[in-house]
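Worksheet: the structure to be examined is printed underneath.
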Amino acid sequence: MTRHIQREHGELCVMEELSKPLIANPPEIPPNVKEADLKEANDLLVNAIVWGLLPMCVVDNPFLRQFVEKVSRDSFALPHRTKLTEMVDKKYEEVKELLTKNLALASSVAITTDAATMKNTGDAYVAITSHWITPTWKLMSAVLGVKISDGKCVHICVLF
């Protein structure tokens, strides 16, 4: 949003100095951080991005960077978006492998679909979800994929 305002409505941008990145190239590992602590912090960040459905550009937000630097007392720096993308891709492969193993243990799998149109953009999405019961009788579900659809989703009400 900030980038859109700056690009399309530059004359309205009164916070230009605050919106500039605070750190041009944050260090990969700050000098006073153990590598294990950095890995744990990065894993937590990746989980926040993935499970919170946050955009990658969240790490470019200068206010978030200031907050992280303040609460971590300069012991952690947010990674760049390119590094974050690598970490999310790695997490994707880990989750995919785990899901594949879990689905292989299932004797039966049910597949459901759902569709939705985003009110703010008008984009339509279709999701495919798998459901299965583990050998210990625990009900599990996992989204297998979400794709953008060609048209809007139409909700049909059928009265019996």
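Worth knowing before you read on, the calculation uses all heavy atoms, side chains too, and leaves out hydrogens, waters and symmetry mates.
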Transitive ILVMFWY side-chain link Ile128 to Leu99, under 4.5 Å:
yes

Shared hydrophobic cluster, Tyr92 / Val58 (ILVMFWY, side-chain heavy atoms < 4.5 Å)
no

Between atom CD1 of Ile133 and atom OG of Ser107, what is the distance when rounded to the nearest 0.5 Å?
8.0 Å

Give the minimum heavy-atom separation between Trp132 and Ser108, together with the two atoms involved.
CB-O, 3.5 Å

Contacts under 3.5 angstrom, residues 135-145 side chains, donor-acceptor by atom type, not counting sequence neighbours:
unit_1: Thr136; atom_1: OG1; unit_2: Thr134; atom_2: OG1; d: 3.0
unit_1: Ser141; atom_1: OG; unit_2: His131; atom_2: ND1; d: 2.7

Atom pair CD (Glu94) and CG (Asp89), whose distance is rounded to the nearest 0.5 Å
11.5 Å

Contact between Asp114 and Val126 at the side-chain level, heavy atoms closer than 4.5 Å - yes or no?
no

Single-linkage hydrophobic cluster Phe67~Met56, side-chain heavy atoms < 4.5 angstrom
yes

Measure the spacing between CG of Leu98 and CG of Leu103 and express it to the nearest 0.5 Å.
9.5 Å

Which is it for Thr129 and Ile111 under the side chain to side chain contact (heavy atoms under 4.5 Å, CB included) test, yes or no, and what are the steps along the way?
CA-CA 6 Å; Thr129 307; Ile111 304 292; over 6 Å; no

For Lys39, give me all partners under salt bridge (charged side-chain N to carboxylate O under 4.0 Å, His left out), at least two apart in sequence or on another chain.
Asp43

Please answer whether the main-chain N or O of Val59 pairs with a side-chain N or O of Arg65 as donor and acceptor at a distance below 3.5 Å.
yes

Rounded to the nearest 0.5 Å, what's the gap from CG on Leu54 to CG on Leu45? Could you check?
9.0 Å

Is a side-chain donor-acceptor pair under 3.5 Å present for Asn47 with Lys91?
yes

Any carboxylate oxygen within less than 4.0 angstrom of a Lys/Arg side-chain nitrogen, looking at Lys101 and Glu97?
yes

Non-neighbouring partners of Glu93 that pass salt bridge (charged side-chain N to carboxylate O under 4.0 Å, His left out), sequence neighbours left out:
none

Hey, any chance Val46 and Leu44 share a hydrophobic cluster, counting ILVMFWY side chains that come within less than 4.5 Å of each other, even indirectly?
no

Hey, are the side chains of Asp123 and Thr117 touching, using non-hydrogen atoms and a 4.5 Å cut-off?
no

